[in-house]
S.K.: 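Sharing a structure with you now.
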Amino acid sequence: NSFCTLLPSDLMASEPAKTTWQIFVLGTNNWQGGGEFAPGSGILHEGHHKSLSAIDGVRCYSMWPSRTQRSDPRRGDYRVFALEHDIPICESVSPVSSYRWHRMSEEEFAAYRARLLSEVEAYIEEVEAANGTAFNLFMAHHTFVNPTVMAEVNARRVAAGKARVPLVVFAHGTALKMYQHELKGESPDFPARFLPWMRDVTRVFDSSAGHVDGVYAIAEAQRQLFCELFPTFDHGRVAVVPNGYNQLVFYPRPAPQSAARALPPVFAPGLEIAAEVKAALGFDAATGAAPTSWSAASATTTERVVVFTGKFADWKRLDVVLKAAARYTTAVEADVPNSRVVTLVCGTGPDADRLHYHKLAYETLGLGRTYFLGPQPQDLLAEINTIADVGVFPSKDEPFGLVFIECMACGTPVVGARSGGPVDFVTPDVGVLLEESDDHDVLADRLAATVTAALRDNWKSAMGPVCLDFATKNFSLRAQCERMLGAISAQFLAKQPASAASPSAPNDQRPNDATAGR
C-alpha cells in the first residue's frame with residue numbers, strides 16, 4: 001500500500017511531549033494511491049491529515065472509504081472503510097464513482113450507516129486505548145452522512161458516561177448541490193429524500209439539538225448557501241476557511257516537464273474523426289495509429305498551452321471550453337506567427353459523458369489540437385499547470401475552486417466565471433472572471449476573447465510570479481489547518497451548544513419516513 005510513506009512514523013507508536021489536540025476526521029472520499037485517483041475532497045482530507053499531524057501538539061487520525069484500497073497494518077493513523085461497491089456520491093461523478101446516494105435502497109442506506117458507525121466507534125476506541133488519551137475533536141467531511149454518524153458516536157459516548165467530543169463539519173459543494181437539486185424538484189435523479197431527512201429527522205444541523213459545534217465553509221457563497229439550507233443552525237458558528245493546496249506538489253516545475261509532455265491522448269471508442277482533424281491531432285497517416293503523446297505533433301517554435309482540469313459534470317461547463325477553443329485557436333495562430341495552440345483536458349466522467357465531449361470536440365467542432373488526457377495524479381497535474389500559459393475553469397457556482405489555486409501555485413494565470421468561490425480570490429492581478437451567462441455560446445465567446453488576449457499578450461510572463469506569490473502566501477494547507485483550529489477556540493467553542501451536556505442521538509428513521517404524508 002502506497003500510504004505507508006505518507007508520515008514518518010506510526011502516530012500510535014510515538015510519544016509526543018504534549019498533545020493539545022487529538023483529532024478524528026471522517027472523510028467521504030478516498031485518498032489518492034494504490035492506483036486509485038481521488039476527487040477533490042479526498043485530496044483535501046489527505047492534505048489536512050498530513051498538515052494537522054505536522055503541527056506541534058496535534059495528533060490526527062482518519063477514516064475514509066474505498067472499494068480498492070485497504071488499511072495498512074503498519075499504519076495506526078488511518079483506517080479504510082472497505083466497500084464492495086463504488087463510493088457513494090452526492091451529485092456529480094468523481095474519478096472513481098458515479099454511484100449516487102439516491103440509488104441506494106432504504107435498506108442499503110441504513111446498512112451503510114450502521115456499518116460505518118460500528119467501524120468508526122471501534123477505531124476510536126482502539127486509538128484511545130493505545131494512547132491513553134481521549135479524542136477532544138471530531139471532524140466530519142461533507143454535510144450529509146458523516147456528521148450524522150459522528151453525532152451518533154457522541155450520543156453513545158455520553159450514554160456510556162464519557163465526555164461529549166466537540167464536532168465540526170467541513171462543508172463541500174456537492175452535498176449542498178444535491179440538496180439544491182432536491183429543492184428544485186426538476187430531476188427524477190434527485191427526489192426530495194435526504195434534505196428533509198437531514199432537517200427534520202436527524203436534526204444534525206439544528207443548533208437546539210446540540211449535535212454540531214461549528215461548520216467550515218470554503219467560500220462566502222458556500223456559507224450563504226449552507227445557511228439558507230439549514231436556517232435553524234446558528235449562523236455565527238459557520239466560518240469561512242478557504243481551501244489550501246499542497247505546496248510540496250504544486251509549484252513551478254523545472255523544464256522540460258518530460259513526463260507530462262509524454263502523456264498519450266485518450267480517444268473514446270466509436271468516434272468518426274475527419275481525415276484533416278486526425279492529421280492535425282497527429283494520427284499516423286499510413287497506419288492510422290493515434291499519436292503516442294499530445295506533444296508529438298508539435299513542429300513549431302511557439303507553443304501556447306491552455307489547460308482545463310475537472311470532472312465531466314454539466315456545471316463544470318467543459319462544452320464552453322471546447323467551443324471557445326475553436327475560436328481562440330484560430331485567432332491566436334493568425335496573430336502569432338509560427339504558433340501552435342494546444343488545449344489539454346484533464347479529467348473524466350461516465351462513458352456516455354466522455355463520448356459526448358469527444359464527439360463535440362472532434363466531430364462537431366473539428367478541433368485539431370485539443371487532447372483529452374484523462375485523470376492524472378497530482379505530480380503530473382503540477383507539470384501540466386507549469387507547461388500551461390493559462391488555466392480555464394468556467395464552472396457555474398464553483399464551490400471553491402482549488403484547481404484555480406493549484407494552477408496559480410505553478411505560476412500560471414487563470415480564467416473562470418464570476419460566480420461561487422473564485423469571486424473571493426481571483427483578482428485582475430492573477431487572472432479574469434467572466435461575466436456569467438446561462439447561454440453557453442455567449443460565455444464561450446467571452447472565454448475565447450479572454451484566452452486570445454492571454455496567449456497573444458503573454459499574460460503568464462507578467463502574472464505568473466504574482467500568481468505564485470499570491471497562492472503561496474494565502475492558501476497553504478498549513479495555514480488553512482491553523483485557521484480551522486483557531487476558529488474552534490475563538491468561534492465554535494466560545495459558547496456551548498444548547499444541548500451539549502447530553503445530546504440525544506440523531507433520529508435513525510430512514511430518509512423516506514421523513515417525507516411520508518408530504
Side-chain angles (χ1 to χ4, degrees), residues 26-31 36-39 41-42 45 62-71 79-124 140-153 155-156 169 172-183 185 187-205 211 229 311 313 349-352 505-518:
L26 183 58
T28 50
N29 276 305
N30 60 287
W31 292 1
E36 186 176 36
F37 290 100
S41 63
H45 178 190
S62 289
M63 181 177 287
W64 39 272
S66 176
R67 184 177 188 173
T68 302
Q69 301 176 60
R70 295 296 181 261
S71 302
R79 289 290 182 271
V80 174
F81 181 56
L83 302 177
E84 295 182 354
H85 53 72
D86 287 345
I87 297 171
I89 58 174
C90 291
E91 191 252 357
S92 52
V93 299
S94 79
V96 294
S97 179
S98 58
Y99 178 49
R100 291 195 178 107
W101 288 103
H102 282 84
R103 286 174 52 191
M104 280 190 178
S105 68
E106 302 305 330
E107 292 73 21
E108 289 169 336
F109 183 72
Y112 185 101
R113 289 184 67 247
R115 187 167 72 86
L116 180 58
L117 172 62
S118 175
E119 294 197 19
V120 166
E121 279 193 305
Y123 180 45
I124 287 174
H141 278 266
H142 280 267
T143 54
F144 183 37
V145 169
N146 283 2
T148 72
V149 168
M150 297 315 302
E152 178 70 23
V153 169
R156 293 187 179 191
V169 177
H172 294 270
T174 52
L176 302 181
K177 285 178 180 289
M178 177 181 76
Y179 298 142
Q180 283 183 301
H181 283 305
E182 289 194 359
L183 281 175
S187 171
D189 293 332
F190 298 99
R193 177 183 179 187
F194 292 126
L195 181 58
W197 179 69
M198 290 293 292
R199 282 175 169 174
D200 305 331
V201 181
T202 73
R203 298 179 61 221
V204 163
F205 294 116
H211 294 305
L229 291 167
K311 54 192 173 184
D351 289 345
N507 192 318
D508 197 32
Q509 278 184 280
R510 296 175 181 180
N512 270 1
D513 295 335
T515 58
R518 286 176 179 251

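In what follows, residues are counted from 1 in the order of the sequence shown. Note that this is a predicted model, so its numbers are computed, not measured.
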S.K.: Taking ring pair (Phe, Tyr, Trp, His ring centres under 6.0 Å) as the definition, give me every residue that meets it alongside Y99, ordered by chain and number, with sequence neighbours left out.
M.R.: H85
S.K.: How would you list, by chain and number, every residue that makes a side-chain hydrogen bond (donor to acceptor under 3.5 Å, both in side chains) with R103, sequence neighbours excluded?
M.R.: none
S.K.: Any side-chain heavy atom of P147 sitting closer than 4.5 Å to one from T202?
M.R.: no
S.K.: Listed by chain and number, what are the ring pair (Phe, Tyr, Trp, His ring centres under 6.0 Å) partners of H102, not counting sequence neighbours?
M.R.: F190, F194
S.K.: Is Y179 reaching over with its side chain to a backbone N or O of T143, donor-acceptor style, under 3.5 angstrom?
M.R.: yes
S.K.: List for me each residue that meets side-chain hydrogen bond (donor to acceptor under 3.5 Å, both in side chains) alongside H45, sequence neighbours excluded, and say none if there are none.
M.R.: W31, S62
S.K.: I need the L229 CG to E182 CD distance, nearest 0.5 Å.
M.R.: 10.0 Å
S.K.: About how many Å separate CH2 of W101 and CE of M178, when rounded to the nearest 0.5 Å?
M.R.: 9.0 Å
S.K.: I'd like to know if the side chain of S118 reaches the main chain of A114, judged simply by a donor and an acceptor atom lying under 3.5 Å from each other, with no hydrogens or angles considered.
M.R.: no
S.K.: Is any side-chain heavy atom of V120 less than 4.5 Å from a side-chain heavy atom of E152?
M.R.: no
S.K.: Could I get the full list of salt bridge (charged side-chain N to carboxylate O under 4.0 Å, His left out) partners for E108, not counting sequence neighbours?
M.R.: none
S.K.: So, for S98 and P350, which heavy atoms are closest and what is the spacing to 0.1 Å?
M.R.: CB-CG, 4.3 Å
S.K.: Nearest 0.5 Å please: distance from the CG atom of N29 over to the NE2 atom of H141.
M.R.: 10.0 Å
S.K.: What do the steps show when you test E91 against K311 for salt bridge (charged side-chain N to carboxylate O under 4.0 Å, His left out), and what is the final call?
M.R.: CA-CA 12 Å; E91 191 252 357; K311 54 192 173 184; 5.3 Å; no
S.K.: Taking only residues two or more places apart in sequence, or in another chain, which ones meet D189 in a side chain to side chain contact (heavy atoms under 4.5 Å, CB included)?
M.R.: R100, S187
S.K.: So, taking the atom named CG in L117 and the one named OH in Y112, what distance separates them when rounded to the nearest 0.5 Å?
M.R.: 12.5 Å
S.K.: Enter the distance from T174:OG1 to H181:NE2 here, rounded to the nearest 0.5 Å.
M.R.: 10.0 Å
S.K.: To the closest 0.5 Å, what do you measure between CG (N30) and OG (S41)?
M.R.: 8.5 Å
S.K.: Regarding H142 and T28, do their side chains bring together a donor and an acceptor under 3.5 Å, going by distance alone?
M.R.: yes
S.K.: Go through the structure and list residues passing side-chain hydrogen bond (donor to acceptor under 3.5 Å, both in side chains) with Q180, not counting sequence neighbours.
M.R.: none
S.K.: Who passes side chain to side chain contact (heavy atoms under 4.5 Å, CB included) against T68, sequence neighbours left out?
M.R.: E36, S66
S.K.: Check for me whether the distance between the ring centres of Y123 and F81 falls short of 6.0 Å.
M.R.: no
S.K.: If you define the side chain from C-beta out and look only at heavy atoms, does anything of V145 sit under 4.5 Å from F109?
M.R.: yes
S.K.: Would you please name every residue forming a salt bridge (charged side-chain N to carboxylate O under 4.0 Å, His left out) with R115, sequence neighbours left out?
M.R.: E119
